[in-house]
Amino acid sequence: MARRLDVTGADGVRLTAWDHTPGSTGDGTTGWGAPGRSVTSQAPGSGGTVALPGVVPQPGPARGAVPRPAGRPAPEAHRAPAPGVLLLHGLMGHAGHWARAASLLTGGHRLVALDQRGHGSSEKPAAGPFTREAYVADAAAVVEQLGLGPVTLIGHSMGALTAWQLAAERPDLVRALVICDMRASALGAASQRAWQDWFRTWPAPFPSLEAVHRWFGDEDPWVETPNPARGAFFAEVMTEHADGWRPVFDPEQMLISRETWVHDAHWDSLAQVRCPTLVVRGLDGELGRAEAQEMVRVLPHGEYAEIPDAGHLLHYEHPTAWHEAVEPFLNGVLTP
């Protein structure tokens, strides 16, 4: 199972990270695995518990590990530290949404997923701030406190923007970058108004988790065709209250967080990223092919990957295809 790590972000906000490195728990488990039973932990400021997907232990050595002569295990003190990988979820997500995709990663990486402020088990300060600067400073603090640098940042949506802004501002902390389905162009005021209207349509509290699955996977007006994976995605970030199931996050805080990036384009910060970067999009995602390829052109060391049949939740809905797109890049940048 994942090992909980309590860290401190910008302004003293309490953050929770989850170490899924094989062997990190000391109990024989091997880190990320197939979704199994859930574990729960108190969510600071949430008024309830957060259901985090557990993992089924996957026995055996990690593929791609460097072989050692039989009977000659390397002393722990003499082993080189594993390359750090920090996984950053998107808006309304949580660290556990990376579980199935990251379970497929090999090569001896140290895998840490962060519940960003306002999300998951991390603190949800009523007064914020939920600015771009705060999210980036939180990620930098986690890298430094956990000794992950120079780190490979893998971000989805909002987490991808946080990742490339950190890479631009603190190149000393970042080795490589993976951007998953995040646009560099401004989305505009109309997009923000649409999100405000969307939150008002939620029939929360939901009477059951089954109702959550059904609404987000089929009944939500934003769903064009039934999407069970979308229903499961949102069910993972619901918590039970006396009157039913509500999101662990505050929708108003999510809108505030989003407000800080939708009105501006982010091409300038993208151009300042000097590390190797992979831009990954789903064929049916929010990042169009032309914009993704322009992002690769703007990046000094950009590469491009596309996942057929995938939408915005590309790593969550299609973990195997995501792994096939990402791991060759990771192996290239993380191999000494």
Side-chain angles (χ1 to χ4, degrees), residues 10 86-93 114 116-119 128-140 152-171 173-174 176-199 222 251-307 310-315 325-326 329:
L86 181 62
L87 300 151
L88 298 173
H89 60 75
L91 190 73
M92 302 183 295
L114 175 66
Q116 298 179 80
R117 64 171 58 208
H119 298 76
F130 293 99
T131 60
R132 286 282 79 227
E133 292 78 9
Y135 280 108
V136 173
D138 285 347
T152 294
L153 297 172
I154 302 179
H156 172 244
S157 195
M158 180 192 76
L161 178 58
T162 300
W164 92 56
Q165 289 180 334
L166 176 57
E169 295 176 15
R170 293 290 308 274
L173 291 183
V174 184
L177 176 64
V178 178
I179 296 170
C180 299
D181 211 61
M182 180 61 189
R183 300 183 60 184
S185 298
L187 301 181
S191 172
Q192 186 71 355
R193 289 194 297 270
W195 272 68
Q196 291 170 339
D197 293 341
W198 177 56
F199 274 126
W222 280 21
E252 186 61 32
Q253 291 183 351
M254 298 299 98
L255 286 172
I256 293 170
S257 298
R258 194 174 186 274
E259 184 80 26
T260 64
W261 89 72
V262 297
H263 301 292
D264 299 318
H266 307 285
W267 294 99
D268 288 347
S269 61
L270 193 70
Q272 295 170 20
V273 174
R274 298 297 169 183
C275 64
T277 302
L278 178 67
V279 177
V280 187
R281 67 175 290 267
L283 191 62
D284 298 318
E286 297 180 5
L287 175 61
R289 178 180 292 160
E291 183 172 352
Q293 292 178 344
E294 179 64 10
M295 290 169 66
V296 172
R297 190 194 68 79
V298 168
L299 285 159
H301 304 285
E303 299 181 32
Y304 175 76
E306 188 174 282
I307 301 176
H312 183 58
L313 305 178
L314 62 175
H315 64 292
V326 168
F329 171 80

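One-based numbering along the sequence shown.
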Apply the test side-chain hydrogen bond (donor to acceptor under 3.5 Å, both in side chains) to residues Ser191 and Arg258: give CA-CA distance (whole Å), side-chain angles for both, the deciding distance (0.1 Å), then the verdict.
CA-CA 10 Å; Ser191 172; Arg258 194 174 186 274; 2.6 Å; yes

Using the rule given for side-chain hydrogen bond (donor to acceptor under 3.5 Å, both in side chains), can you reason through Tyr135 versus Ser257, listing the C-alpha separation, both sets of side-chain angles and the distance that settles it, and then say yes or no?
CA-CA 9 Å; Tyr135 280 108; Ser257 298; 2.7 Å; yes

From CA spacing to verdict: side-chain contact (heavy atoms from CB on, under 4.5 Å), His315, Val326:
CA-CA 10 Å; His315 64 292; Val326 168; over 6 Å; no

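Between the side chain of Glu303 and the backbone N or O of Phe329, no donor-acceptor pair lies under 3.5 Å. In this structure, Gln116 contributes its side chain and Leu91 its backbone to no donor-acceptor pair below 3.5 Å. In this structure, His156 contributes its side chain and His312 its backbone to a donor-acceptor pair below 3.5 Å. With hydrogens and angles ignored, the 3.5 Å screen pairs a side-chain donor or acceptor of Arg117 with a backbone N or O of Ala10. Under the 3.5 Å distance criterion, the side-chain polar atoms of Asp181 are left unmatched by any main-chain donor or acceptor of Ser157.
In this pair, Trp195 and Trp222 present their aromatic rings perpendicular. The plane angle is above 60°, beyond the 30 to 60° band. Ring orientation note: the planes of His266 and Trp164 are nearly perpendicular, at an angle over 60° on the 30°/60° scale.
Summarising the geometry, atom CD1 belonging to Ile307 is positioned 11.5 Å from atom CG belonging to Asp284; distances are rounded to the nearest 0.5 Å. In this structure, Leu161 CG and Thr260 OG1 are separated by 8.0 Å, a value rounded to the nearest 0.5 Å. Rounding to the nearest 0.5 angstrom, the gap separating the CG atom in Leu187 from the NE2 atom in His263 is 9.5 Å. Rounded to the nearest 0.5 Å, atoms CD1 (Ile179) and CD1 (Ile154) are 12.0 Å apart. Of the inter-residue distances, the one linking Leu299 atom CG with Glu294 atom CD reads 10.0 Å to the nearest 0.5 angstrom. To the nearest 0.5 Å, the span separating OH on Tyr304 from CZ on Arg281 amounts to 4.5 Å.
Across Gln165 and Ser269, no two heavy atoms sit closer than the pair CG-OG, 4.1 Å. Counting all heavy atoms, side chain and backbone alike, His119 lies closest to Met158 at CE1-CE, 4.0 Å. Shown here for Leu255 and Gln192, the closest heavy-atom pair between the two residues is O-NE2, 2.9 Å. Between Ala163 and Leu153, the shortest heavy-atom contact is O-CD1, 3.4 Å. Of all heavy-atom pairs between Val298 and Ala271, the closest is CG1-CB, 3.6 Å. Shown here for Leu314 and Ala310, the closest heavy-atom pair between the two residues is CB-CB, 3.9 Å.
Arg132 and Thr162 share a side-chain donor-acceptor pair at under 3.5 Å.
Under 4.0 Å is where a charged nitrogen must lie from a carboxylate oxygen, and between Arg289 and Glu306 at least one such pair does.
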